[in-house]
Protein chains: 2
Amino acid sequence: MDNQDWNKQRVLETLRDAGVNPTSQRVEIGYALFSSCAHLSAEEIMQRVNADYPVVSKATVYNTLGLFADHSLVREVIVEPGKVFYDPNVSMHHHFYHVDTGQLQDIPASSLQISKLPDIPAETEVENVEVVIRLRQRVAH
Amino acid sequence: MDNQDWNKQRVLETLRDAGVNPTSQRVEIGYALFSSCAHLSAEEIMQRVNADYPVVSKATVYNTLGLFADHSLVREVIVEPGKVFYDPNVSMHHHFYHVDTGQLQDIPASSLQISKLPDIPAETEVENVEVVIRLRQRVAH
DNA sequence: CTCTTTGCAAAGGATTTGCAAGCTT
DNA sequence: AAGCTTGCAAATCCTTTGCAAAGAG
């Protein structure tokens, strides 16, 4: 799902399978997102899509990313106030956050195990479990 | 540290111990924060402090909360873009986040155990480990 | 023709910042 | 006087929204 070659045809099919009408803008945004293995902000995605010439507006980028998130095509990761990262990897995994550089880094699900979960409050269900390990540059001691 | 009776004298000493110059505004903000066992936003803290008459400005609330965070007097919890909660409980614990209501709820450290942590990237050290379990209202199935 | 999608620009909310005035010593 | 602290208002950043025009079936 990740390292395979993404092309726009495949993005189109992915969107359709997820029940998202595959308009050209959505395919472009999906392609920028899926073919990168990075954690991008909305701004960065827009820059990539519009690198050569204007393809999508800011409003469409935000609307589309929200739509993708609703359909579980991306995962929104929030580590700083006012900054959302979009992670094309929606399978179970966690993140390192480098506070000095602002970079996010994946932690494979297998490298972190939660052995005990609390009881879930009545009438609710788990939407997801987010683990973020905040890292800072180590200074000489 | 939590349920004991907080009074302004004790806040003052706490600030001084943490190396924060205990001005009257900072004591008021600290008192509002520590004597509540809730997860408050900057806005809510300002409302509490200024409930009777104006005591602090918005700028000072933000500056002070940032200062407290730098000195580990509060923990910033980020669950939604553009919304920071300030948690007076700085000891190890985790959170439920009720997506429908926007409420944060503590998970005691003892109710959630992480049995395996990933290797930490070179030259870095862990600042903290945040676990947020996102909950939504359960619908009849 | 009707419904969906897009884009622009304006609005919005949370937080930060510049700078002059106020305290403290 | 020197340095830290405060408050106001303006600025900034990211995101959302209103609405009219464009596109699809």
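Lettering of chains follows the sequences in order, A, B, ..., and the numbering in each one begins at 1.
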query = How close or far is atom C1' of C:dT5 from atom CZ of A:F68, stated in whole angstroms?
reply = 13 Å
query = So, for B:E125 and A:Q137, which heavy atoms are closest and what is the spacing to 0.1 Å?
reply = OE2-O, 4.2 Å
request  = Could you check whether A:N21 gets within reach of a base, just the sugar-phosphate, or nothing at all, counting any heavy atom under 4.0 Å?
outcome  = sugar-phosphate
task = Find the distance B:Q47:CD to C:dA14:P and express it as a whole number of Å.
result = 11 Å
key: Whole-Å gap separating P (C:dT17) and CG (B:L65)   = 15 Å
query = Can you tell me how far C1' of D:dC14 sits from CD1 of A:I78, to the nearest Å?
reply = 13 Å
request  = Map B:V55 and A:A59 onto DNA chain D by nearest heavy atom, then report which one ends up closer to the 5' terminus.
outcome  = B:V55
query = Please give, in whole Å, the distance from C:dT16 C1' to B:E76 CD?
reply = 13 Å
ask   = Which part of the nucleic acid, if any, lies within reach of B:E43 when heavy atoms closer than 4.0 Å are counted: base, sugar-phosphate only, or nothing?
value = nothing
request  = Nearest whole angstrom, please: distance from the P of C:dT15 to the CG of B:L40.
outcome  = 13 Å
ask   = Atom CG of A:N63 and atom P of D:dA22: how far apart are they, to the nearest Å?
value = 19 Å
query = Under 4.0 Å between a side-chain N or O of A:S57 and OP1 or OP2 of C:dG7?
reply = yes
task = Measure from CG on B:N50 to P on D:dG7 and round the result to the nearest Å.
result = 9 Å
query = OP1 or OP2 of C:dT16 sitting under 4.0 Å from any side-chain N/O of B:Y62?
reply = no
query = At under 4.0 Å between heavy atoms, what does B:V20 touch on the DNA or RNA strands: base, sugar-phosphate, or nothing?
reply = nothing
Flag side-chain contact, heavy atom, 4.5 Å: B:Y31 against B:V49 = no
ask   = Do the side-chain N or O atoms of B:Q25 get closer than 4.0 angstrom to the phosphate oxygens (OP1, OP2) of C:dC23?
value = no
query = At under 4.0 Å, does any side-chain N or O of B:T23 touch on OP1 or OP2 of C:dC23?
reply = no
ask   = A:Y86 and A:E44: side-chain donor and acceptor closer than 3.5 Å?
value = no
message = Are there over 12 heavy-atom neighbours, none belonging to A:D119, within less than 6.0 Å of that residue's CG?
response = no
task = Could you tell me how the ring of A:F34 sits relative to the ring of A:W6: parallel (under 30°), tilted (30 to 60°) or perpendicular (over 60°)?
result = tilted
